[in-house]
> 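Take a look at the following structure, please.
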Amino acid sequence: MRAVVSSSQRGYKSAPAFFRGKLIESQDTPERLEAFVSVVQEMGLELVEPPVIADTLLESIHDRGYLEFLAKAPHRWSEMMPGLTSLMPNIYPTRHFPARRPRHFLGQAGYYLGDMVSPLTAETWGAALGSASSAAHAASLVLAGEPVAYSLCRPSGHHAHGDMGQGFCFLNNAAIAATVARTRHTRVAVIDIDVHHGNGTQHIFYDRDDVFFCSLHSEPDLTYPFFTGHADEVGAGRGNGFNLNLPLKVGSGDSVYLSALDIAIERISRFDAGCLVVSLGLDAHESDLLGSLGVTSDGFVEIARRLVALRLPTILVQEGGYTVSELGHLLRSVLSVFAARAK
Ligand SMILES: [Zn+2]
């Protein structure tokens, strides 16, 4: 099993963000990525530098205006406001009328960024591009015959919509991996085990019947991103029946989680997927700073075993996980299960 990380992801520092009413250092620290890299190195897995993702692939997922905003807006902001290095919205579209994209880029900040934990800096675009490139290349390795590949994605991706960044996410790495996988496989399944609903991935594939999306996450009434992730969101149009949300009560623990996982796995089998993308959040773990599902380390190993038992070519895409002191051993346990399959 090989692991993919771009040098442009290394060292990326998220700007301070609003959390529970205060401007604080982001929980999405560079140390998270270094913890993932250390695990890969200690396991003796080969670390691969990916080629830069093709524009055509990016634009098949993301709106061109949004991509331009990510690349250029922080520079315009610092020219306009010398000394201010991060861009964050101070107004958002309302729920009562359809949102129109304003010409002024501060209005565009509210249009293209969905919350106040995802500020843009001049470095965000390069790091997000590196992360997306890692996911795309991991998918290429799997298409070339490797049973499993792991992309060390940071920034994460599953909250990124086609035209909106959110939750530390700017480009949807899992959707990019699934899109690459679709060039070979007629049907691709994405399973999201991050504790937070994969709202961006859901949005991107919501009206599609060739990509089945399922997400296990903490109940949306009480958990970020709050407004999506309910069980009655089942897809639209051709995609009706191809979106599965399994919201779980806060503190559910292993047995409840694994029962829900079995439902997801049964649906993936019935969908007859040719390839699996795993949005590998580690924040459902009982120790996590931002998590609330109480899954143990043994529970995570069992999750990996059950996913491996699907016997599908598998692309692992790193998502959340924020307690750096716990991430190393947890990731190692999970990757070991997949690496054993890849031998
Ligand atoms: Zn998360």
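These figures come from a predicted structure and were not determined experimentally. Atoms within each ligand, like the ligands themselves, are counted from 1 in listed order.
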> What pairs meet the side chain to side chain donor-acceptor pair (under 3.5 Å) rule with one or both residues in residues 90-100, with sequence neighbours excluded?
none
> Output all residues satisfying side-chain contact (heavy atoms from CB on, under 4.5 Å) with Asn240, sequence neighbours left out; order by chain, then residue number.
Val234
> Any side-chain donor-acceptor pair under 3.5 Å between His217 and Asp192?
no
> Strictly under 2.8 Å, is the Zn ion (ligand 1) approached by any N, O or S atom of His196?
yes
> Tell me whether the rings of Tyr224 and His196 are parallel (<30°), tilted (30 to 60°) or perpendicular (>60°).
perpendicular
> Do you know which N/O/S atom name in Asp283 is closest to the Zn ion (ligand 1)?
OD2
> Quick one: report the N, O or S atom of Asp194 that is nearest to the Zn ion (ligand 1).
OD1
